[in-house]
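Hydrogens, waters and symmetry mates are skipped; everything else that's a heavy atom, side chains included, is used. By convention in this document, chain letters (A, B, ...) are assigned in the order of the sequence lines, proteins followed by strands, and residues within each chain are numbered from 1.
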Amino acid sequence: MQLHWHRRDLRVADNRGLATAAEAGPVAPLFVFDRDVLDHAGAPRVRYLLDALAELREAYRERGSDLLVARGDPRTVVPAVAAALDAKRTVWGIDYSGLARERDADVRLALDDAGVAREPVHDAIFHPPGSITTNAGDTYSVYTYFWKKWRDRDKPEPYSEPEAGDLADAGTLESAAERLADGDAEFDIAVGDLPTVSDLGFEEPTAAVQSAGTEAARERLSAFCADAIYRYADDRDYPTRDATSRLSADLKFGTIGIREVYAATAAAREGVGGERDESVEEFQSQLAWREFYAHVLREHPNVVTENYKEYEEDIAWRDDAEELAAWKAGETGYPIVDAGMRQLREEAHMHNRVRMIVASFLTKDLLCDWRHGYAHFREHLADHDTANDNGGWQWAASTGTDAQPYFRIFNPMTQGERYDPDGEYIKRYVPELSDVTANAIHEWHELTDLERERLAPDYPAPVVDHSERRERAISMFEAARGDD
DNA sequence: GGTCCTTTACG
DNA sequence: GTAAAGGAC
C-alpha cells in the first residue's frame, strides 16, 4: 500500500505524486484540513477548495476508491494514516512556501520515526528551485534571463492518471478510517466526509466564485487554446477583452496539471507562425513567471513578511486607516481602481492589469505598506498563491525582485484610459458611473466638485491628488534609500 | 565594462 | 524623445 497526501494537487490526471505512488500501488489518497492553513485562508478560497475536493472524491469513487478526509495536524495525521493502512511509502507534491516546508520537514521526521518511507516530488512546476540559476549559480532576481533558460528547457509530457487497479478500494479505506476513529486519535477522519464552509469556520462567500475542479479547468484551457491564446499578446492587458486563461485558481489548487496546460499551449503553437506563435509564447512566459516566483520564495522564504530589496532606512509608509478602507471598499474616486477592488469582492478575482493598477495605487498613491494589500488579496482572491501574490505586490511596491522602479509610478487615469478606453470595465463594476461618458470618467480627477455632483452624485471625489502623492512617494523612497 | 532590458511616465 | 536603478551577461 502507498499513501498519497493531496495538498495543492487536487486532481488525478497529470499528477506526478499520484503517478509515482501508483507505480508501486495500490494508492490510498488522503486530504488533511490543516488549521494552520485555514487560518490564512478566506471564504472564497475555502469554497473553491471544497468544490475541488468534491470533484476529486468523485473521480476516486468512479474508480472504485474514495478519498480519506481528515481534520487535524498533518504531523500527527499523516503518520497515523500511513500506519493504519500499513503503507510502505507516503508521497506528496512539494509546496515551496516557508510554512509548508517547515510543516513538511516535521512530517518527514514523524514518518521516519514510524518507519514509513516518504517521497516528496516536484509536481507543481516544471523546473524546481535550484535547477534554473544564473551562470554564477544564484537564484535569479530578474526575470528576463530566467525566462530564456526556462523557455529553452525540455518540458515533460503529462503523467498518466491511475486506473482502478492502481487504487485502494473503498472498503480498505473504510476499515482503516474506522480503526483510526475507534482509537484515541487526536484528529477526525472519515472516508469522503467533506466539511461545509461553515464547519470550517467561514461564512459562505458573497463573491460568485468561478467553478472549481478539473472538468471546469479543462474547459477553460481548451476554450483559451482555441481562441484567446492567439490574441493574448495583444489583448491580455484589456480587462474587457476576455483574453486571459482564468486558470490561476486551477493552478493554485492543482485541479489541472502544469504539464497538461503547457502541452495544450504547445499544441496550439503547432503549425502557426508569426504573431500567433509569439502570442502563445507570451502566455507561456506567464507560466514561467509563476515558476520564477516559486524559485524566489523557495530561496527567500522571508519575502512573505519582509521586503526583498534592502533599503538603507525603513520605508516611511503612511498607512492611513481611512484611505486603506476606501481602497478596500472601492471608494477611492479613481474609477479604474474602484472597479478592480469591486470586481475582487464580487468575483473573488481581478484582472491582472487591474491588479497592478490597484497595487500601485495602494503603495504609491495611498503610501500604504504592500503587506496591507497582500493581506486583503489573500482574504478575497480565489486564486491567492503565496509566491505569485507576494511577487506581484513587491513588484508594485518597488521592494521586490525585478521590481517596478520607485520613480516609475503608474498614473491611474492614464492606465484607465489606455486599458479601458470606453469605460466598459469601470461601468460594469461601478454602477454609479453607468450614465457618465467615458471622457468624464477618465477626467474624473480634473472635474469640479459641482460637475462630479451633477454627473454621479453617489460616486466619491478622488481621495488623494495623484501628482502630489506621486512626488511624495518618490521622496519617501529617496529617504529610504538614504538619498538627500 | 558597455549594453541590453525592464508588465512606464512625463515634457 | 528622455529619464532613471540595477541585474545579468
Side-chain angles (χ1 to χ4, degrees), chain A residues 132-152 231-239 241 243-245 248 278-279 281-293 295-296 299-300 307-312 315 334 336-337 340 350-365 370 373 387-420 442 445-446 465-484:
Chain A
I132 293 182
T133 64
T134 68
N135 294 344
D138 300 323
T139 299
Y140 275 108
S141 63
V142 301
Y143 176 70
T144 310
Y145 293 97
F146 175 91
W147 155 243
K148 291 182 195 307
K149 289 188 181 175
W150 187 95
R151 179 193 59 193
D152 295 339
R231 49 188 180 81
Y232 183 77
D234 288 336
D235 290 355
R236 70 189 182 93
D237 277 324
Y238 296 83
R241 294 189 186 177
T244 61
S245 72
S248 51
E278 287 170 22
S279 186
E281 190 172 276
E282 181 93 13
F283 177 72
Q284 291 175 339
S285 171
Q286 301 307 311
L287 300 178
W289 268 106
R290 184 176 159 271
E291 305 205 0
F292 173 73
Y293 282 136
H295 285 220
V296 172
E299 182 68 17
H300 307 283
N307 295 336
Y308 171 83
K309 193 192 289 283
E310 303 252 349
Y311 281 93
E312 291 289 318
I315 301 169
Y334 281 86
I336 190 76
V337 174
M350 198 191 306
H351 187 275
N352 186 247
R353 165 58 52 178
V354 188
R355 294 188 197 200
M356 292 193 275
I357 297 170
V358 303
S360 177
F361 189 80
L362 182 73
T363 55
K364 308 296 174 56
D365 286 84
W370 61 266
N388 295 332
D389 269 354
N390 184 268
W393 272 102
Q394 294 227 43
W395 176 84
S398 302
T399 61
T401 46
D402 212 6
Q404 178 81 315
Y406 70 89
F407 49 83
R408 212 156 62 192
I409 292 168
F410 274 21
N411 182 321
M413 289 303 169
T414 311
Q415 289 280 323
E417 206 168 355
R418 185 179 303 160
Y419 297 113
D420 188 31
H442 296 312
H445 62 308
E446 291 177 336
D465 180 86
H466 170 68
S467 51
E468 184 185 304
R469 285 299 174 91
R470 177 179 176 277
E471 295 300 327
R472 249 177 99 165
I474 291 171
S475 308
M476 180 178 81
F477 277 94
E478 285 176 345
R481 282 157 50 84
D483 299 353
D484 288 324

Who does C:dG1 pair with, Watson-Crick or G-U, both distances under 3.5 Å?
-> B:dC10
Verify the contact: side-chain N or O of A:Arg418 to OP1 or OP2 of B:dA9, cut-off strictly under 4.0 Å; return yes or no.
-> yes
State, yes or no, whether a side-chain contact exists between A:Leu287 and A:Glu291 at a heavy-atom distance under 4.5 Å.
-> no
Ignoring hydrogens and geometry, is there a side-chain-to-backbone donor-acceptor pair from A:Ser285 to A:Glu281 under 3.5 Å?
-> no
Scan A:Arg355 against the nucleic acid and name what it touches under 4.0 Å (heavy atoms): base, sugar-phosphate only, or nothing.
-> nothing
Is A:Lys148 touching bases, backbone alone, or none of the nucleic acid, heavy atoms closer than 4.0 Å?
-> nothing
Measure the distance from CD on A:Glu471 to P on B:dA9 and round it to the nearest whole Å.
-> 15 Å
Could you check whether the rings of A:Tyr143 and A:Phe146 sit parallel, tilted or perpendicular, using 30° and 60° as the cut-offs?
-> tilted
Gap between atoms CG and C1', on A:Asp402 and B:dC5 respectively (whole Å) | 9 Å
Can you tell me how far C1' of B:dA9 sits from CZ of A:Phe407, to the nearest Å?
-> 10 Å
Flag, side chain of A:Gln415 to backbone of A:Tyr419, donor-acceptor distance under 3.5 Å | no
Anything under 30° is parallel, anything over 60° is perpendicular, the rest tilted; go ahead and classify A:Tyr140 against A:Tyr145.
-> parallel
Side-chain heavy-atom pair A:Phe292, A:Ile132 within 4.5 angstrom cut-off | no
Using a 4.0 Å heavy-atom cut-off across all strands, classify A:Asp237 as base, sugar-phosphate, or nothing.
-> nothing
Nearest-Å distance for atom pair OH/P, residues A:Tyr406 and B:dT8 = 18 Å
Could you tell me whether the phosphate oxygens of B:dT8, OP1 or OP2, come under 4.0 Å of any side-chain nitrogen or oxygen in A:Asn411?
-> no
So what does A:Arg470 hit on the nucleic acid, given a heavy-atom distance under 4.0 Å: a base, only sugar-phosphate, or nothing?
-> sugar-phosphate
Do the side chain of A:Asn411 and the main chain of A:Met413 share a donor and acceptor less than 3.5 angstrom apart?
-> yes
Check every nucleotide of DNA chain C for an atom under 4.0 Å from a heavy-atom of chain A, then give the first and the last such nucleotide from 5' to 3'.
-> C:dA4 to C:dC9
Determine the contact category for A:Gln415: base if any of its heavy atoms lies under 4.0 Å from a base atom, sugar-phosphate if only primed atoms, P, OP1 or OP2 are that close, otherwise nothing.
-> sugar-phosphate
